[in-house]
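Working notes, beginning with the structure itself.
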Amino acid sequence: MSTDLSSGGPRSGSKADAAAKDDGSAELGVPRSRVVLASLMGTTIEFYDFYVYATAAVSVFPLIFFAAGDEGAALLASMATFGAAFVARPIGSVLFGHFGDRIGRKATLIGSLLTMGIATFLIGLLPTYYQIGLWAPALLTIMRFCQGLGLGGEWSGAALLATETAKEGKRAWAAMWPQLGAPIGFLLANGLFLILTLAFNHDSTNPEMDGAFLTWVWRLPFLLSLLMVAVGLYVRLKLQETPVFQRAVDNDERVKAPLGEVFQKNWRELILGTFIMLATYVLFYLMTTWILSYSISSPEASGLGVPYADFLVLQLIGILFFAAFVPVSGWLADRFGRKPTLIVISALLVLFGLTFGWWLSADSIGQGAGLNTTQMMVFLMVGMTLMGLTFGPMSAVLPELFPTNTRYTGSGIAYNVSSILGAALTPFVAQWLVLNFSVAHVGYYLSFASVLTLISLIIAPETKTKSLDTVRGLDA
């Protein structure tokens, strides 16, 4: 007879009692450093694949996958295709979450990595609009959807791999390792694009000069992802199941339908987790995808007219602050708790959003060769620092809301439904706000999302000291 983890931990007298502590004392079967490497490397590969597409969606795809015409309309169409992955991500979280809660974290993580990697590789082989017409953006959208499926299952699995093997009192620190995959993947993806841009003299402001780059050079980052996937698979195949999930198996505590279970017993956690993550998503896609499109678009398209390579250098420097403050946030969340840490950071995000008009308006920062690069650099540094602080604890906070038998499904759904609200719409909405209102309204959009996150954090429980074996749902 199965036992519902949301109403208690391992049964008294079971053979897992002696190991029923999520303090890292259970035998992992592999060195802890390998667990860290597997969680970090997997998310690095997944986010690399995701960011390669994001960068190309701004700088390449509007020119080769959509009909020639209005620059702003082509960019909006490309952004809409970019958002297709976010529709797929909740579906991926349900699909991979089911198997992650039923058969285990390890096997499911391998499946999500393959799904993402193969889709990315195939994008590098697609013909363009000028070769096959409307089939080109259609196929691109399908591959983007498959990318979303893979990432939908990847994040929650990597987060559980880290948290369910963590030492006592160090769960947020352990959970920050897969979060580091985001800035590292960004650096790899955009660093490679920068190298190719400089090597082949790609100029986003003069696409007529980019025959080689727009014909085949842009494909290289997508094709090279296959090599990274092979390395990631090698690392993950060496893993064993997490101790927390293994105890659930030993105690016959799995459920047949994790999706139904999580909606029936943990619906409040789903809502809270979704909105706790909202401001993080909005900030991230403003500071990566939208700011790139806004900066390199021509003044006629309400942009700043900055050459692609010039801006990418600034953005890569900014992302270093993102990476540096992810560990800081993990330490803060373990030291002071998840709620106090994230409440303070979310309040700072509200204030940051209110300053966008001063930071980024053309009258303030300039355009083209007259851009105030120091002001843009400081803006990116501040935004990316806040990004590291708000993103780092999330892989501890969301899994801690759910019991073991629905943790993969629940945390994945919350994370990825939030991606629709906070990420899929953000580049499109931000571009629309700039075209129809002003860049200051983009900041108001961030502030509004941050207020919603603040409210959710105030309502949510503090999970810092709760055992992953015995966490109860709020409705239990």
> Is any side-chain heavy atom of Val442 less than 4.5 Å from a side-chain heavy atom of Leu446?
Replying inline: no
>> To the nearest 0.5 Å, what is the distance between CZ on Arg171 and OG1 on Thr463?
In response: 6.5 Å
> Can you tell which of Ile118, Thr120, Leu113 makes a side chain to side chain contact (heavy atoms under 4.5 Å, CB included) with Val229?
Replying inline: Leu113
>> Before we go on, tell me: are the rings of Phe311 and Tyr294 under 6.0 Å apart, centre to centre?
In response: no
>> Measuring from atom NZ of Lys106 to atom CD1 of Ile110, what distance do you get when rounded to the nearest 0.5 angstrom?
In response: 6.0 Å
> What are the two closest non-hydrogen atoms of Ala172 and Ala396, and how far apart are they?
Replying inline: CA-CB, 3.9 Å
> Are Phe284 and Thr289 close enough that some pair of their side-chain heavy atoms sits under 4.5 Å apart?
Replying inline: no
> Parallel, tilted or perpendicular: which describes the rings of Phe379 and Phe352, with under 30° parallel and over 60° perpendicular?
Replying inline: parallel
>> Walk me through whether Leu272 and Ile459 qualify under side-chain contact (heavy atoms from CB on, under 4.5 Å).
In response: CA-CA 8 Å; Leu272 287 174; Ile459 296 172; 3.9 Å; yes
> Under the 3.5 angstrom rule, does the side chain of Ser298 hit a backbone N or O of Gly305 as a donor-acceptor pair?
Replying inline: no
> For Phe121, what residues pass the ring-ring contact (aromatic ring centres under 6.0 Å, His included) criterion, not counting sequence neighbours?
Replying inline: none
> Looking at CD1 of Ile276 and CD1 of Ile271, how far apart are the two atoms once the value is rounded to the nearest 0.5 Å?
Replying inline: 11.5 Å
> What residues form a side chain to side chain contact (heavy atoms under 4.5 Å, CB included) with Pro327, not counting sequence neighbours?
Replying inline: Trp173, Met176, Leu180
> After noting the C-alpha distance and the side-chain angles of Ile64 and Val60, does the key distance pass the side-chain contact (heavy atoms from CB on, under 4.5 Å) rule?
Replying inline: CA-CA 7 Å; Ile64 63 174; Val60 176; 3.6 Å; yes
> Do any N or O atoms from the side chain of Asn372 and from the backbone of Gly366 form a donor-acceptor pair under 3.5 angstrom?
Replying inline: no
>> For the backbone of Ser93 and the side chain of Asn416, can you confirm whether one donor and one acceptor N or O come within less than 3.5 Å of each other?
In response: no
>> Can you tell whether the side chains of Arg407 and Glu400 come within less than 4.0 Å, N to carboxylate O?
In response: no
> Do Leu40 and Ile184 pass the side-chain contact (heavy atoms from CB on, under 4.5 Å) test, and can you show the C-alpha distance, the side-chain angles, and the key distance before you say yes or no?
Replying inline: CA-CA 9 Å; Leu40 172 61; Ile184 294 174; 3.9 Å; yes
>> Any donor-acceptor pair under 3.5 Å linking the side-chain atoms of Gln179 with those of Trp155?
In response: yes
> Does the Thr409 side chain pair with the main chain of Gly97, one donor and one acceptor, at a distance under 3.5 Å?
Replying inline: yes
> Side chains of Thr43 and Glu154: donor-acceptor distance under 3.5 Å anywhere?
Replying inline: no
> With sequence neighbours left out, what residues match Ser395 under side chain to side chain donor-acceptor pair (under 3.5 Å)?
Replying inline: none
> Is it true that a side-chain atom of Lys339 and a backbone atom of Ala460 form a donor plus acceptor pair closer than 3.5 Å?
Replying inline: yes
>> Just to verify, what does Ala189 make a side chain to side chain contact (heavy atoms under 4.5 Å, CB included) with, not counting sequence neighbours?
In response: Tyr48, Tyr51, Val52
> Nearest heavy-atom pair of Ala158 and Leu109: which atoms, and what distance?
Replying inline: N-CD2, 3.4 Å
>> Per the side chain to side chain donor-acceptor pair (under 3.5 Å) rule, what does the pair list look like for residues 444-453, sequence neighbours excluded?
In response: none
>> Determine whether a donor-acceptor pair (N or O, by modelled atom type, separation under 3.5 Å) exists between the side chain of Arg338 and the backbone of Ala333.
In response: yes
> By side chain to side chain donor-acceptor pair (under 3.5 Å), which residues pair with Ser346, not counting sequence neighbours?
Replying inline: none
>> According to side chain to side chain donor-acceptor pair (under 3.5 Å), does anything in residues 383-394 pair up with another residue at least two apart or in another chain? List the pairs.
In response: Thr280-Thr390
> Counting N and O atoms only, with roles assigned by atom type, does the side chain of Ser39 sit under 3.5 Å from a partner on the main chain of Val36, one being a donor and the other an acceptor?
Replying inline: yes
>> Rounded to the nearest 0.5 Å, what separates atom CE in Met387 from atom CD1 in Ile345?
In response: 11.0 Å
> Does Ser361 have any side chain to side chain donor-acceptor pair (under 3.5 Å) partners at least two apart in sequence or in another chain, and if so, which?
Replying inline: none
>> Nearest 0.5 Å, please: how far is CZ in Phe356 from NE2 in His441?
In response: 13.5 Å
> If only atom types and distance count, is the side chain of Ser456 paired as donor or acceptor with the main-chain N or O of Leu452 below 3.5 Å?
Replying inline: yes
> Can you check side-chain contact (heavy atoms from CB on, under 4.5 Å) on Phe65 and Leu126, steps first, answer last?
Replying inline: CA-CA 10 Å; Phe65 278 98; Leu126 289 179; 4.2 Å; yes
> Listed by chain and number, what are the side chain to side chain contact (heavy atoms under 4.5 Å, CB included) partners of Leu270, not counting sequence neighbours?
Replying inline: Val262, Phe263, Phe402, Ile413
> For the side chain of Ser329 and the backbone of Val326, is there at least one donor-acceptor N/O pair under 3.5 Å apart?
Replying inline: yes
> Mind checking what makes side chain to side chain donor-acceptor pair (under 3.5 Å) contact with Thr115, not counting sequence neighbours?
Replying inline: none
> Is there side-chain contact between Leu286 and Ile291, with heavy atoms separated by less than 4.5 Å?
Replying inline: no
>> Does Arg144 qualify as a cation-pi partner of Tyr53, given the criterion of NZ or CZ under 6.0 Å from the six-membered ring centre and within 45 degrees of its axis?
In response: yes
> When rounded to the nearest 0.5 angstrom, what is the spacing between CG in Leu342 and CD1 in Ile458?
Replying inline: 12.0 Å
> Phe96 and Ser112: which non-hydrogen atoms are nearest, and at how many Å?
Replying inline: CE2-N, 3.5 Å
> Tell me, which pairs form a side chain to side chain donor-acceptor pair (under 3.5 Å) where one or both residues lie in residues 216-234, sequence neighbours left out?
Replying inline: none
> Does the Thr426 side chain pair with the main chain of Gly422, one donor and one acceptor, at a distance under 3.5 Å?
Replying inline: yes
> Which pair of non-hydrogen atoms, one from Met143 and one from Ala119, has the smallest distance, and what is that distance?
Replying inline: O-CB, 3.7 Å
> If you look at every heavy atom in Gly100 and Tyr408, which pair is closest and at what distance?
Replying inline: CA-CD1, 3.5 Å
> If every non-hydrogen atom of Thr163 is compared with every non-hydrogen atom of Pro399, which pair is closest and at what distance?
Replying inline: OG1-CB, 4.3 Å
Listing, residues 312-325 side-chain donor-acceptor contacts under 3.5 Å, not counting sequence neighbours, or none:
{"unit_1": "Gln315", "atom_1": "NE2", "unit_2": "Met287", "atom_2": "O", "d": "3.2"}
{"unit_1": "Gln315", "atom_1": "NE2", "unit_2": "Thr288", "atom_2": "O", "d": "2.9"}

> Under a 4.5 Å cut-off applied to non-hydrogen side-chain atoms, are Thr373 and Met377 in contact?
Replying inline: no
